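Structure first, then comments.
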2 protein chains.
Amino acid sequence: MPQAAARPTLEAVAERAGVSRATVSRVVNGDAGVREALAVKVRRAVRELGYVPNRAARSLVTRRHDAVAVVIAEPETRVFADPFFARQLRGISKELTARDVQLVLLLTEGRDDHERVGRYLAGGHVDGALVFSLHLDDPLPGIIHGAGLPTVFGGRPGWTGGVRYVDCDNRGGARQAVRHLTALGRTRVAHITGPLDQTSAVDRLDGYRDVVPEGDPRLVADGDFTPAGGERAMRALLDRCPDVDAVFAANDLSAAGALRVLRESGRRVPQDVAVVGFDDMLPLAEQADPPLTTVRQDIEEMGRLMAAMLLRDQAQGPGQGQPQPDAPDAGGGEAASEEAAHVVLPTELVRRESA
Amino acid sequence: MPQAAARPTLEAVAERAGVSRATVSRVVNGDAGVREALAVKVRRAVRELGYVPNRAARSLVTRRHDAVAVVIAEPETRVFADPFFARQLRGISKELTARDVQLVLLLTEGRDDHERVGRYLAGGHVDGALVFSLHLDDPLPGIIHGAGLPTVFGGRPGWTGGVRYVDCDNRGGARQAVRHLTALGRTRVAHITGPLDQTSAVDRLDGYRDVVPEGDPRLVADGDFTPAGGERAMRALLDRCPDVDAVFAANDLSAAGALRVLRESGRRVPQDVAVVGFDDMLPLAEQADPPLTTVRQDIEEMGRLMAAMLLRDQAQGPGQGQPQPDAPDAGGGEAASEEAAHVVLPTELVRRESA
DNA sequence: ATGAAAGCGCTAACAT
DNA sequence: ATGTTAGCGCTTTCAT
């Protein structure tokens, strides 16, 4: 029965400092109302003994866990073709670390996992959840929302009401991209969409239409955020409208596919056809030929804000059970406030050589 | 004082099933020695009440946590330019999920975080750690190893003895790459290295030398796993040895840089200079011009094996405190066994158009 | 095979 | 301001 190095307990610290457990607890938790003289003694004892509070024991009584779950609902596609996800995690991690909150990562592989994740979250092992789900028909967000756990979504979910989320300004970013192309004098600006069961793709399409409301419908081709989809769409575009002189691709991956097809077809980029992507996915965007002009979003900041938003009301006490009342800001505005029920981060056009 | 939906306790289940807490506990934990008739009643009560065990209470007495930490020690560079990391996490997640073990993610930002992570790990909040660190001089692995927590490293650490790790066969993969080039009839095969403070880069260089032991030293140029480094190295190579007819780049990112320089210099790939990368980093490798021949490693499997290796002895009981005695296999062999103190996974050459 | 009871280490009333 | 005390929900001897 290996005795695992017998960690010192509060009791041990109390004895060494010559005070009661309660006093040690107060000092350790930074509660006011302990004479400095005693506090000093306690802190010394803590240091000498290498005392570390037992989280399990603490959770048992406080009913808090100082842990939040990060649920990523789509390992199969984009998430793993893209450092996007890693950046967001980094932002989240920074914020959580700063508040001494643990990050429990939940990756779901498919429908089977939904139940498991739902059970875990409803099981009261974490104080909140940060959820990424890209598809409108994904039941997981609903399950989680229903679990009565404070939750913040990454990316606008496909439904409204009582939901908190952080997103980038997909629509505004799309407008930036398309305006850039029209400012270049391009008159036949096409759009390669993303999969339209994702709000980001829908929003980018909407942004495109904002700028080209009278647009030729044949200039819009379906993509799916993959290079192969971008190739297909670009071929269709070239076929239908040989006079196309600009393309706004819904992401950099499909832009890469489009570039390849344009090159094959003998078009020069940007001279014959200008191309703008979205995401500023590195190293792809930089290494593309020619380097891709694209719309950048501050992914890490999105993660940070998600965590901050979730933790904002964490202090109030253990698992509230109810999401916050909705208090949307203007919606799609560029200002970001942690007071809002959703935050939409601005995007930035990064000019390289493709447009 | 929001009462957080008062989860049912063991007590509640016991009462409903008309048995004692102890019996419910046995059933829930699958302990043998409960009459089936009773067990059935208990299970029904559990279901009806939606009982979920309180992990904190359980940990408090068992001193186990059913949680492991995943420590990623280098958010700044490669980890976040590369889905590598995400794939590995996925492998880990799958294995942990299957055993109902939680994944606590620890991302470290720099030296400041080392202490924090060390404290956390030594603090006894998790049953083990899976650690990624790329630099030989990183003190973190040592700290963690010293914390007396069962640990498995991702990638061979820069020191030997009593360490368990999972790695891919960097050296063998490099040999595959270079042999492929020589089999193509190339006689002036250059190598763009990675940063040589990482074992993966050193091993790949060694593999190159295995095949070209008599090699012209001017054919080896320092890179750093980045596209910019690859460009610099390729320029140096072209400068020193204009007759170079093949390049093995230590990773795909630097290969991409090399491709760009070759193109600029008017060389055709693969006709004039053949290029092989390492990693099969998608989408980069596929989208390169021309698509990159490269060495693939099964990243997800590496993650899975790390978790499996860690959990193998987890069953024995709470935090052993001592790492396992070393039981290395042949070292660098291609067979992978979960019995070994380290596992080295095979690599695979993926032929595309660059060589 | 089952139950009774003793804690695991901590926080939070309550008492002083 | 500090100490005393009563659990938090669970597992685990130890009786039966």
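Each chain gets a letter, A, B and so on, in the order the sequences are listed, and its residues count up from 1. Remember, it's a predicted structure, so these values are computed and weren't measured experimentally.
Remark: A:Arg21 pairs with A:Glu11 by the salt bridge (Lys or Arg N to Asp or Glu O under 4.0 Å) rule, at least two apart or across chains. Shown here are the side-chain hydrogen bond (donor to acceptor under 3.5 Å, both in side chains) partners of A:Glu300, two or more places apart in sequence or in another chain: A:Arg90, A:Lys94. The salt bridge (Lys or Arg N to Asp or Glu O under 4.0 Å) test applied to A:Arg35 returns no partner, not counting sequence neighbours. Listed by chain and residue number, nothing satisfies the salt bridge (Lys or Arg N to Asp or Glu O under 4.0 Å) test with A:Arg26 (two or more places apart in sequence, or in another chain). Partners of A:Glu48 according to the side-chain hydrogen bond (donor to acceptor under 3.5 Å, both in side chains) rule, which considers only residues two or more places apart in sequence or in another chain, are A:Arg16. Applying the salt bridge (Lys or Arg N to Asp or Glu O under 4.0 Å) criterion to A:Lys41, with sequence neighbours excluded, gives no partner residue. Not counting sequence neighbours, the partners of A:Asp113 by the side chain to side chain contact (heavy atoms under 4.5 Å, CB included) test are A:Thr108, A:Glu109, A:Arg116. Shown here are the ring-ring contact (aromatic ring centres under 6.0 Å, His included) partners of A:His125, two or more places apart in sequence or in another chain: A:Tyr120.
Contact annotation: the side chain of A:Leu10 approaches that of A:Tyr51 to within less than 4.5 Å [non-hydrogen atoms, C-beta and beyond].
Mapping heavy-atom proximity under 4.0 Å, the span of DNA chain D touched by chain A runs 5' to 3' from D:dA1 to D:dG9.
Listed in residue order, the members of residues 33-46 of chain B having a heavy atom less than 4.0 Å from DNA chain C are B:Gly33, B:Val34, B:Arg35, B:Leu38.
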Review point. What do the steps show when you test A:Leu121 against A:Leu106 for side chain to side chain contact (heavy atoms under 4.5 Å, CB included), and what is the final call?
Key: CA-CA 10 Å; A:Leu121 293 179; A:Leu106 266 34; 4.1 Å; yes

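If you take CD on B:Gln102 and CD on A:Gln102, they are separated by 12.5 Å, rounding to the nearest 0.5 Å.
Defining each end axis of the helix from C:dA1-D:dT16 to C:dT16-D:dA1 as the rotation carrying four pairs' C1' atoms onto the next four, with five pairs an end, the two axes are found to diverge by 30° to 10 degrees.
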Tabulate atom names and distances for all N/O pairs under 3.5 angstrom spanning the protein and nucleotides 6-10 of chain C.
| from | atom 1 | to | atom 2 | distance (Å) |
| --- | --- | --- | --- | --- |
| C:dA6 | N6 | B:Arg21 | NH2 | 3.2 |
| C:dC8 | O3' | B:Arg63 | NH2 | 3.1 |
| C:dG9 | OP1 | B:Arg63 | NH2 | 2.6 |
| C:dG9 | N2 | A:Ala57 | O | 3.3 |
| C:dC10 | OP1 | A:Tyr51 | OH | 2.4 |
| C:dC10 | OP1 | A:Asn54 | N | 3.2 |
| C:dC10 | OP2 | A:Leu10 | N | 2.3 |
| C:dC10 | N4 | A:Arg21 | NH2 | 3.2 |

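The main-chain N or O of A:Leu89 is never found under 3.5 Å from a side-chain atom of A:Ser93 such that the two would form a donor-acceptor pair.
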